[in-house]
Amino acid sequence: MMSVRSELLERFLDAASRGDEQTLSLMLSQSRELLDRRGEQGWSALMLTARHGHYAAARVLLSSGCDTSVTNRSGQTARDVALFWGHRHIVRLLTSAPGHELRQLLPSRDAEEPDIHFNREILDRMSDKRSDGEWLAARRASPETVFLLFHALSPLVLSGAEEDEEIKLCKLRSAAVQELLTDSRTLEVFLGVEKQQEGDGMLAWFALSTEEDPTQLLKDKDPSSFFLQGAMPGLLRLSADDAGVVAQARSVLAWHSRYRFCPTCSSDTKVEEAGYKRTCLRAGCRSLQGVHNTCYPRVDPVVIMLVLHPDGKQCMLGRKKIFPPGMFSCLAGFVEPGETLEAAVRREVQEESGVQVGPVHYLSCQAWPMPSCLMIGCHCVAVTTDIKVDQNEIEEARWFTRQQVMDALVKDKRAVFIMPPKQAIAHYLLKHWIGCNANL
Ligand SMILES: NC(=O)c1ccc[n+]([C@@H]2O[C@H](COP(=O)([O-])OP(=O)(O)OC[C@H]3O[C@@H](n4cnc5c(N)ncnc54)[C@H](O)[C@@H]3O)[C@@H](O)[C@H]2O)c1
Ligand SMILES: [Mg+2]
Ligand SMILES: [Mg+2]
Ligand SMILES: [Mg+2]
Ligand SMILES: [Zn+2]
């Protein structure tokens, strides 16, 4: 038996083959995700209109923002199909299709991966060593090894930084943390070894955390050290090197604090693989058979997108109630199960602003350890422009001109809004669209 979903798709594709534009429009208004989906034969609706030369039906699909670059199993686009079957009017339509033009509004990617806050990796994670007890014990005992302390997911840092200065992590050595290391309440995560090293030794880093204040078990506590209060804005003030390490450690520790018991059967668990696995202690638990993702730290994918106006001169930004006054940023949302990144971008923009999105283009991503998001940064082009915000998630959303974004970037006195902080990928998406150089 066919599922309701694939039956719906087959009906949609059938309407495309017959050139039935009314049915296409009606079905799209109910379920937009049919637009670019391919049927069992690997053909999308647009390809079928191209195959049979249905001009009006092809236009209905294009005006809904359909993706003209989708290919069938032979690698042909709808335009290729139209060319092959000699439907010249469809070839012309597809060559000048809005999808084609809209796509050109999308800025291309930088040749190099951008060095966004939290993304820098100064450690080689050496995941193969996580189950090597002897090797780990030797690293733990080495006097040079670096230990970072966490309490309630906040790192121990050194005071003294002025308002606009970088905050530094407090890096403890083996001798200082002996008591913590032997205390059974201490949670330990092996983070990796330094990539850039002088000499031939291996400089390992660990994160340690306890429920009670772990500094009580420190030998010679540095009186000027303290635990950072709250994630924001403190974590944004760390140096780029430290921020990358904290992104890793904080996400893993947050997972431990939220997944203490087995998610499958609620029994107790034990920590394994140097902090990268929790194994259920109940013999016979289903999670012990095969590989279960419930046993490993999780990452939540979130799409974050700068929506470009089809005129190419404006972009849409929104603000949540919790934002500082005047700040507007890119829309964002969690990817849902069984969803592609493109579909998540289209759905979230539609939900939050009522705007329909056509082409989507991935630019780059950012680790966002609050507690363990992976921000997937995209540009996309709107095919409708009327904004109707979902008051639950967004307080306001507006189109801003390039000039307005430029004024906000350089904090000009004419600026009509405040940019998201430069450490956020939202800032990078905006800056990349403007095409600014790195000095701004
Ligand atoms: N780095 C940046 O520039 C930047 C910018 C914006 C947002 N963010 C991050 O992205 C995250 C997601 O954005 P959003 O809040 O707009 O998402 P969203 O639009 O999907 O709305 C959030 C709601 O989704 C639901 N939800 C679905 N799956 C969830 C999950 N796995 N975890 C938590 N809630 C889930 C909850 O009801 C939640 O209230 C934010 O929490 C924020 O930390 C980062
Ligand atoms: Mg949302
Ligand atoms: Mg959102
Ligand atoms: Mg959502
Ligand atoms: Zn279990």
Side-chain angles (χ1 to χ4, degrees), residues 5 30-33 35-36 65 116-118 231-233 235-236 247 251 254-255 258 293 298-309 314-400 405 408 417-433:
R5 197 161 171 246
Q30 286 157 357
S31 167
R32 195 179 178 281
E33 54 103 36
L35 190 58
D36 293 316
I116 310 177
H117 199 71
F118 293 125
M232 292 284 241
L235 294 184
L236 300 187
S251 288
W255 170 71
R258 289 157 197 229
N293 64 355
R298 54 175 304 149
V299 178
D300 296 318
V302 177
V303 285
I304 176 157
M305 45 275 167
L306 183 62
V307 185
L308 306 179
H309 193 283
Q314 302 172 72
C315 68
M316 183 173 44
L317 299 173
R319 55 168 282 114
K320 288 191 180 193
K321 285 189 195 81
I322 55 159
F323 284 1
M327 191 178 105
F328 278 77
S329 187
C330 299
L331 302 186
F334 289 97
V335 177
E336 294 202 350
E339 193 173 48
T340 63
L341 298 180
E342 290 83 353
V345 167
R346 294 193 180 104
R347 177 185 51 73
E348 283 288 347
V349 174
Q350 209 281 326
E351 283 174 9
E352 296 184 1
S353 71
V355 165
Q356 307 266 337
V357 159
V360 177
H361 193 217
Y362 166 76
L363 187 70
S364 72
C365 63
Q366 177 184 36
W368 191 252
M370 333 288 177
S372 50
C373 290
L374 175 66
M375 305 303 300
I376 301 161
C378 298
H379 285 122
C380 60
V381 188
V383 293
T384 65
T385 56
D386 283 347
I387 296 175
K388 221 177 120 212
V389 293
D390 159 19
Q391 292 290 345
N392 285 329
E393 292 197 38
I394 303 281
E395 185 177 72
E396 192 186 352
R398 297 206 318 246
W399 294 107
F400 291 92
V405 174
F417 75 98
I418 295 168
M419 284 278 286
K422 65 177 189 304
Q423 297 91 334
I425 190 169
H427 184 102
Y428 176 71
L429 288 170
L430 275 159
K431 199 161 116 174
H432 191 88
W433 177 58

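First listed ligand is number 1; within each ligand, the first listed atom is number 1.
Taken to the nearest 0.5 Å, the CD atom of Q350 stands 10.0 Å off from the CG atom of D390.
Across every non-hydrogen atom of I394 and E396, the tightest pair is CG2-O, 3.2 Å.
The pair R298-D300 counts as a salt bridge, with a side-chain nitrogen and a carboxylate oxygen less than 4.0 angstrom apart.
Between E33 and the options R346, R347, R5, a side chain to side chain donor-acceptor pair (under 3.5 Å) holds for only R5.
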All N/O donor-acceptor pairs, side-chain side in residues 320-328, below 3.5 Å, sequence neighbours left out:
residue: K321; atom: NZ; partner: Q391; partner atom: O; Å: 3.3

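Taking a cut-off of 2.8 Å, the protein N, O or S atoms nearer than that to the Mg ion (ligand 3) are A332 O, E352 OE2.
The aromatic rings of F417 and F400 lie tilted to each other, with the angle between the two planes from 30° to 60°.
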